[in-house]
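Below is one structure, written out as structure tokens, with a few remarks after it.
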Amino acid sequence: MNAYHIWRSASGESKVLLVSVLCVNLGFYSFIPYLSIYLTGSFGWSLALTGVLLGVRQLSQQGVTFLGGLLADRLGCKPTLVAGLFVRAAGFGSFAVCSELWQFFLSAVLSGLGGALFEPAFQAAFARLTPQELRKPLFSLKNMLVNIAMIASTLLGSLLLSLDFRFLSLGTGLIYFVLALYVLKGLRPLEVDIHGHNVAEDIVSILKDVPFVLYTLILVGYYFLYMQLYLTIPRAAAIATGDQTSVAYIYATVSVSVIVLQLRVTRLAEKFPSRFLPIGAGTLCMGFGLLLFGMADGLAAMCACSVLFAVGTMIAAPLLLDAIPSFAPPGKLASYYGFNGYAMAVGGALSTSLGGWLYDTGTGLGAGWLPWVGCFVVSLLAAGCFYWFYMKKEVVSPSAGQP
């Protein structure tokens with residue numbers, strides 16, 4: 001089944017969500033990577049301080065995503081999703097008027113809170129509207145659309161930044177604002193599964209789901225690696241080429257690789273007896289790609305290494321999302337997606353803050369290999385944990401009993 005047939009097989013409302021995937025990622029990738037370039041260039045921030053800002057944005061999103069999921073399970077996915085898009089629009093747009101340190105951090109928190117609202121609501125709506133037999137193909141198509149957005153974002157982000165950072169800020173904010181109106185019109189309200197548990201009881205029940213909590217903890221390693229796309233990779237590409245917009249070539253390489261190969265890689269990954277083995281293999285592949293990226297001495301070599309990184313994401317990304325409904329009992333799917341967001345919160349915050357510190361420290365010590373070796377070690381640990389997770393199936397079997 002190719003991408004066209006997968007699109008045709010999707011319901012009209014699933015198509016609304018797929019368009020939302022494209023637009024959300026277009027706005028995100030047009031802004032966040034260039035924000036770090038802008039702050040370290042025009043404002044003279046250190047990469048470590050820039051990493052802290054990005055980490056605060058990540059924590060303000062993923063650290064609150066669990067609450068966003070709880071709201072979506074109670075108020076409905078559509079109103080929570082639309083509200084989150086409006087808040088993200090305000091957050092990105094407000095960067096245009098920032099000049100002081102506290103203002104940048106306030107805008108970062110606001111944009112993160114928007115994501116905390118719409119992300120679990122979107123994931124739950126996507127899973128609810130997708131039949132089980134189409135879930136993996138549609139998650140693969142979703143991953144392809146993310147990378148199509150990345151390609152388009154390199155053009156849009158570079159163009160707007162070349163005009164003025166304020167155009168970049170306001171333009172990406174406008175994308176989210178228009179998208180909120182589109183979802184408001186095109187997506188029907190999903191039924192809310194009302195149950196007798198209060199919020200505290202739901203939180204306790206998820207924390208007692210040991211297999212799911214372990215799965216979320218292990219995913220921290222995956223997101224530590226993935227979030228290097230937003231900090232160390234743009235910085236390394238800019239230094240290697242002397243051109244701040246050269247990261248566009250890296251993103252284009254990753255994106256084209258995913259668009260061309262994603263469905264083939266997904267079909268191969270489905271032959272594994274467990275989701276957890278290929279997720280671990282993909283994580284290890286990402287780490288090895290980053291290790292080679294750190295040793296590359298030119299843009300062409302960096303692009304070649306980024307293909308290996310992309311293959312790792314192609315293996316892991318669709319499966320790690322598809323695994324979550326197998327843990328979640330009825331009525332708590334958005335809450336489970338929200339709690340799983342803590343993996344991205346912790347992994348992303350460590351990636352940007354610790355990753356930035358390792359980069360600055362390695363540069364100061366003349367050990368430019370330091371952050372890249374650190375990434376490879378993380379990938380080894382994560383892959384080992386996923387293998388352990390697979391071997392301990394009798395301990396970590398999904399609670400919801402779904403295949």
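What's counted below: heavy atoms across the whole structure, side chains too, no hydrogens, waters or symmetry copies.
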- Could you pull out all residues at least two apart from S153 that satisfy side chain to side chain donor-acceptor pair (under 3.5 Å)? none
- Message: Could you work out, with side chain to side chain donor-acceptor pair (under 3.5 Å) as the rule, every residue matching S257, not counting sequence neighbours?
- Response: none
- Look at the aromatic rings of W45 and F104 and report parallel, tilted or perpendicular, splitting at 30° and 60°.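 If you compare the ring of W45 with that of F104, the planes turn out perpendicular.
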Which residues pass the side chain to side chain contact (heavy atoms under 4.5 Å, CB included) test with [X], sequence neighbours left out?
{"X": "I324", "result": "F212, Y215, Y336, Y337, N340"}
{"X": "P278", "result": "A269, F272, I315, L319"}
{"X": "V378", "result": "F224, L225"}
{"X": "L381", "result": "V377"}

With [X] via ring pair (Phe, Tyr, Trp, His ring centres under 6.0 Å) - residues at least two apart:
{"X": "F118", "result": "none"}
{"X": "F309", "result": "none"}
{"X": "Y29", "result": "Y230"}

Tell me if a side-chain donor or acceptor on [X] pairs with a main-chain N or O of [Y] at a distance below 3.5 Å.
{"X": "T313", "Y": "A310", "value": "yes"}
{"X": "Q61", "Y": "R57", "value": "no"}
{"X": "Y176", "Y": "V24", "value": "yes"}
{"X": "S169", "Y": "F165", "value": "no"}

- Message: Does the Lys NZ or Arg CZ of R88 fall within the cation-pi geometry relative to F92 - under 6.0 Å from the ring centre and within 45° of the axis?
- Response: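 Flagged: R88 positioned over aromatic ring of F92.
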- Flag the pair T216 / L219 as yes when at least one side-chain heavy-atom distance between them is below 4.5 Å, and no otherwise. no
- Message: When you compare the side chain of V311 with that of M286, does any pair of heavy atoms fall below 4.5 Å?
- Response: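 Not touching, per the 4.5 Å side-chain cut-off.
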- Item | Pairs meeting criterion salt bridge (Lys or Arg N to Asp or Glu O under 4.0 Å) with involvement of residues 138-152, two or more places apart |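 Those involving residues 138-152 do not exist here.
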- Item | salt bridge (Lys or Arg N to Asp or Glu O under 4.0 Å) contacts in which one or both residues fall within residues 163-178, not counting sequence neighbours | D164-R166
- Item | Residues S30, L160; criterion side-chain contact (heavy atoms from CB on, under 4.5 Å); working and verdict | CA-CA 9 Å; S30 294; L160 293 176; 5.8 Å; no
- Given side-chain contact (heavy atoms from CB on, under 4.5 Å), test L290 with I233 step by step and report yes or no. CA-CA 9 Å; L290 288 171; I233 287 178; 3.7 Å; yes
- Query: Quick one: side-chain hydrogen bond (donor to acceptor under 3.5 Å, both in side chains) pairs with a partner in residues 108-121, sequence neighbours left out?
  - Reply: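 Matches after skipping sequence neighbours: E119-Q123.
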- Query: What is the distance from atom CG of L156 to atom OH of Y34, rounded to the nearest 0.5 Å?
  - Reply: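 These two atoms lie 9.0 Å from each other.
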